[in-house]
Amino acid sequence: MTRTAEIIGVGSYLPEGRITNADLERMVDTSDEWIVTRTGIRERPIADEGQATSDLAIRAGQAALAVAGVAPEDVDLLIMATSTPDMVFPSTGCLTQAGLGLSCPAFDVNAACTGFIYALQTATSAIESGRADTVLLIGADTLTRFVDFTDRTTCILFGDGAGAVVLRAAESGGVRGIALGADGKRGSMLYVPAGGSAMPASAETVANREHYIRMNGNEVFKFAVRVIPETTNAALAQSGVDVGDLAWLIPHQANQRILDTIAERLGVSHERVFSNVANTANTSAASIPLALDDLYTSGRLAAGDLLALVGFGAGLTWGAAVVEWTKTTPGKEA
Ligand code: ACO
């Protein structure tokens, strides 16, 4: 009998605070017009001072478990995709496991903005191999904690949030195929220099602002618009799905211009490319499950829909998954 991993629950959490383009105009030499034209972003959710990544993850995890109707004792594995952990250790997965009252194994996956797709591969493998029946997968990040709000080239892009899915063993449907990639030689295109073992925190690293994101925006842009179509096509081919059969293309939300370019390159109409980047900005590993939750709760997903989820980010990393949605639209349950 074939074992597949289907998504039986989805949930998300965005902190209440917002940084608008008008706020950024007061911080750096920029304008609403420049930001909207170049990125499509209008506002970014920002975690409260007292909220760490695990606080957002717990809220998203609770919501996904409630939608799935799964009790804490029935979760076999918790996988946390994040590159902004609460601390070096314990893992954010373990902190979230405690917060959710789970007793299963828990760990972190760091593939930056591709983290959700990488972790989906791990979760799917655990279920398909029979090592787990029910997996809680959370993507959560607080990138604004690592953003230099004096650097206009990066501070306009990022927000905080969390999204989660519950995966369960099924006989059909669910995750059909996953393609992943990495190119570590180009890691310096997008990185945080200090705070790790290579450059431990010191008064000097703080003075040099080396705990913040450094990015070559042009190169990351070019990388994204090349790799997203390639990896999406690889996942579609693996799944035996034609691009024309997709109900939704759900890309990592980084920049509206990236979304528009990949829609054209893949030949997917703009109405079928999900976008909420205007109001969430780039929430890293949270962006794809946040998108799924948005589509599900607004009744835009129906059982049988074929979805392509695609991410890219620091590493450099990239990846795509083709998923057959099996959950009934809210309000249309029998
Ligand atoms: N406001 C006003 N002017 C600005 C701003 C700003 N916020 N930022 C840059 N500029 C200026 C630059 O200084 C430059 O000025 P110059 O011509 O006088 O030198 C000019 O605008 C053009 O700059 P570019 O960098 O060429 O602008 P571009 O159109 O490439 O847009 C951007 C920059 C938005 C960063 C774009 O390159 C991008 O989105 N790249 C992808 C970034 C991304 O997605 N990163 C996340 C990856 S996922 C992860 O793992 C975290």
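Only heavy atoms go into these numbers, but all of them, side chains included; no hydrogens, no water, no symmetry mates. Note that the structure is predicted; figures quoted are calculated from it, not measured. Numbers here are sequence positions counted from 1.
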In a table with atom names and distances, give each donor-acceptor pair under 3.5 Å that connects a side chain of residues 184-204 to protein atoms at least two apart or in another chain.
{"from": "Arg186", "atom 1": "NE", "to": "Asp183", "atom 2": "OD2", "distance (Å)": "3.0"}
{"from": "Ser202", "atom 1": "OG", "to": "Glu204", "atom 2": "N", "distance (Å)": "3.3"}
{"from": "Ser202", "atom 1": "OG", "to": "Thr205", "atom 2": "N", "distance (Å)": "3.1"}

Check: Does Arg131 CZ have over 12 foreign heavy atoms under 6.0 Å away?
Finding: no

Just distance, no hydrogens or angles: give the donor-acceptor pairs under 3.5 Å from side chains in residues 109-122, sequence neighbours left out.
{"from": "Asn110", "atom 1": "OD1", "to": "Ala112", "atom 2": "N", "distance (Å)": "3.1"}
{"from": "Thr114", "atom 1": "OG1", "to": "Gly313", "atom 2": "N", "distance (Å)": "3.3"}
{"from": "Thr114", "atom 1": "OG1", "to": "Thr317", "atom 2": "O", "distance (Å)": "3.2"}
{"from": "Thr114", "atom 1": "OG1", "to": "Thr317", "atom 2": "OG1", "distance (Å)": "2.7"}
{"from": "Tyr118", "atom 1": "OH", "to": "Gly181", "atom 2": "O", "distance (Å)": "2.8"}
{"from": "Thr122", "atom 1": "OG1", "to": "Tyr118", "atom 2": "O", "distance (Å)": "3.2"}

Item checked: Within one Ile-Leu-Val-Met-Phe-Trp-Tyr cluster: Tyr296 and Ile288, side-chain cutoff 4.5 Å -> yes

Next item on the list: Assess whether side-chain contact (heavy atoms from CB on, under 4.5 Å) is satisfied between Asp148 and Ile213, documenting all intermediate values.
Entry: CA-CA 7 Å; Asp148 184 348; Ile213 294 169; over 6 Å; no

Check: Can you name the residues that form a salt bridge (charged side-chain N to carboxylate O under 4.0 Å, His left out) with Arg176, not counting sequence neighbours?
Finding: Glu324

Check: Do Phe221 and Leu316 sit in the same hydrophobic cluster, where Ile, Leu, Val, Met, Phe, Trp and Tyr count as joined when their side-chain heavy atoms come under 4.5 Å apart?
Finding: yes

Show me the side-chain donor-acceptor pairs of residues 69-81 shorter than 3.5 Å, one per line, residues at least two apart or across chains.
{"from": "Asp76", "atom 1": "OD2", "to": "Asp133", "atom 2": "N", "distance (Å)": "2.7"}
{"from": "Asp76", "atom 1": "OD2", "to": "Thr134", "atom 2": "N", "distance (Å)": "2.9"}

Notebook entry, point to check: Can you tell me how far the CZ atom of Arg145 sits from the CD1 atom of Ile46, to the nearest 0.5 Å?
Noted result: 7.0 Å

Note to self: Could you measure the distance from the CG atom of Leu307 to the CG atom of Leu301? Nearest 0.5 Å is fine.
What the structure shows: 6.0 Å

Check: With ILVMFWY side chains joined below 4.5 Å, transitively, what does Leu290's cluster contain besides itself?
Finding: Leu14

Notebook entry, point to check: When the ring centroid of His211 is compared with that of Phe146, is the distance short of 6.0 Å?
Noted result: no

Checklist line | Name of the residue among Thr92, Thr142, Thr96, Asp86 meeting side chain to side chain donor-acceptor pair (under 3.5 Å) with Ser54 | finding: Asp86

Next item on the list: Given side-chain contact (heavy atoms from CB on, under 4.5 Å), test Arg168 with Ile127 step by step and report yes or no.
Entry: CA-CA 7 Å; Arg168 179 172 274 171; Ile127 289 175; 5.6 Å; no

Next item on the list: Compare every heavy atom of Gly311 with every heavy atom of His252, then report the nearest pair and how far apart it is.
Entry: CB-CA, 3.9 Å

Checklist line | Separation of Ile58 CD1 from Leu95 CG (nearest 0.5 Å) | finding: 8.0 Å

Notebook entry, point to check: Is any side-chain heavy atom of Thr297 less than 4.5 Å from a side-chain heavy atom of Pro330?
Noted result: no

Next item on the list: Compare all side-chain heavy atoms of Glu6 with those of Leu167 and state whether any distance is below 4.5 angstrom.
Entry: no

Note to self: Show every salt bridge (charged side-chain N to carboxylate O under 4.0 Å, His left out) that has at least one partner inside residues 243-266, sequence neighbours left out.
What the structure shows: none

Note to self: Keeping Ser298 on the side-chain end and Leu295 on the backbone end, is there a donor-acceptor pair under 3.5 Å?
What the structure shows: yes

Item checked: Atom of Asn282, atom of Leu143 and distance for their closest heavy-atom approach -> O-CD1, 4.2 Å

Notebook entry, point to check: Are the side chain of Asn255 and the backbone N or O of Gly40 linked by a donor-acceptor pair below 3.5 Å?
Noted result: no

Checklist line | Closest non-hydrogen atom pair, Gly161 against Pro15 | finding: CA-CD, 4.2 Å

Item checked: Qualifying salt bridge (charged side-chain N to carboxylate O under 4.0 Å, His left out) pairs with a residue from residues 218-239, counting only residues at least two apart or across chains -> Glu219-Lys222, Arg226-Glu230

Check: For residues 7-18, which residue pairs qualify under side-chain hydrogen bond (donor to acceptor under 3.5 Å, both in side chains), counting only residues two or more places apart or in two chains?
Finding: Ser12-Asp293, Tyr13-Gln51

Margin query: Taking the side chain as everything from C-beta on, heavy atoms only, tell me whether Leu102 gets closer than 4.5 Å to Leu136.
Written below: yes

Check: Within the side chain of Asp141, is there an N or O that forms a donor-acceptor pair under 3.5 Å with the backbone of Ala285?
Finding: yes

Item checked: Polar contact flag, side-chain donor to acceptor under 3.5 angstrom, Glu128-Thr4 -> no

Note to self: So, taking the atom named CD in Gln253 and the one named CG in Leu259, what distance separates them when rounded to the nearest 0.5 Å?
What the structure shows: 5.0 Å

Checklist line | Closest approach of Ala169 to Arg3 (non-hydrogen atoms, all atoms of both residues) | finding: CB-NH2, 3.4 Å

Notebook entry, point to check: If two hydrophobic side chains count as joined below 4.5 Å and joins carry through other members, does Phe312 share a cluster with Leu266?
Noted result: yes

Margin query: Please give me the minimum heavy-atom distance between Val67 and Gly9, naming the atom from each residue.
Written below: CG1-CA, 3.9 Å

Check: Are Val268 and Val277 connected in the hydrophobic side-chain network, where two residues link if heavy atoms are under 4.5 Å apart?
Finding: yes

Margin query: Quick check for you: to the nearest 0.5 Å, what is the distance between Phe223 atom CZ and Ile258 atom CD1?
Written below: 9.5 Å

Item checked: Donor-acceptor pair between Asp160 and Thr144 side chains, under 3.5 angstrom -> yes

What donor-acceptor contacts under 3.5 angstrom involve side-chain atoms of residues 233-241, with partners at least two apart or in another chain?
{"from": "Asn233", "atom 1": "ND2", "to": "Pro229", "atom 2": "O", "distance (Å)": "3.2"}
{"from": "Gln238", "atom 1": "OE1", "to": "Ile178", "atom 2": "N", "distance (Å)": "2.9"}
{"from": "Gln238", "atom 1": "NE2", "to": "Ile178", "atom 2": "O", "distance (Å)": "2.9"}
{"from": "Ser239", "atom 1": "OG", "to": "Gly177", "atom 2": "N", "distance (Å)": "3.3"}
{"from": "Ser239", "atom 1": "OG", "to": "Ala235", "atom 2": "O", "distance (Å)": "2.6"}

Margin query: Quick check: closest heavy atoms across Leu137 and Ala123, and the distance to 0.1 Å?
Written below: CD2-CB, 4.4 Å

Next item on the list: Check whether any side-chain heavy atom of Ile7 lies under 4.5 Å from a side-chain heavy atom of Val166, and answer yes or no.
Entry: no

Margin query: Is there a path of hydrophobic side-chain contacts, each under 4.5 Å between heavy atoms of I/L/V/M/F/W/Y residues, joining Ile138 to Val10?
Written below: no

Item checked: Minimum side-chain heavy-atom gap Thr154-Ile156 below 4.5 Å -> no

Identify all side-chain donor-acceptor contacts of residues 19-29 below 3.5 Å with residues at least two apart in sequence or on another chain.
{"from": "Thr20", "atom 1": "OG1", "to": "Ala22", "atom 2": "N", "distance (Å)": "3.4"}
{"from": "Thr20", "atom 1": "OG1", "to": "Asp23", "atom 2": "N", "distance (Å)": "3.1"}
{"from": "Thr20", "atom 1": "OG1", "to": "Asp23", "atom 2": "OD2", "distance (Å)": "3.1"}
{"from": "Asn21", "atom 1": "OD1", "to": "Arg44", "atom 2": "NH1", "distance (Å)": "3.0"}
{"from": "Asn21", "atom 1": "OD1", "to": "Arg44", "atom 2": "NH2", "distance (Å)": "2.7"}
{"from": "Asn21", "atom 1": "ND2", "to": "Asp32", "atom 2": "OD1", "distance (Å)": "2.9"}
{"from": "Asn21", "atom 1": "ND2", "to": "Ile41", "atom 2": "O", "distance (Å)": "2.9"}
{"from": "Asp23", "atom 1": "OD1", "to": "Arg26", "atom 2": "NH2", "distance (Å)": "2.6"}
{"from": "Asp23", "atom 1": "OD2", "to": "Thr20", "atom 2": "N", "distance (Å)": "2.8"}
{"from": "Glu25", "atom 1": "OE2", "to": "Asp32", "atom 2": "N", "distance (Å)": "2.7"}

Check: Which residues pass the ring pair (Phe, Tyr, Trp, His ring centres under 6.0 Å) test with Phe274, sequence neighbours left out?
Finding: none

Checklist line | Spacing of Trp325 atom CH2 and Trp248 atom CH2 [to the nearest 0.5 Å] | finding: 13.0 Å

Next item on the list: Determine which pairs satisfy salt bridge (charged side-chain N to carboxylate O under 4.0 Å, His left out) with at least one residue from residues 48-70, sequence neighbours left out, and list them in order.
Entry: none

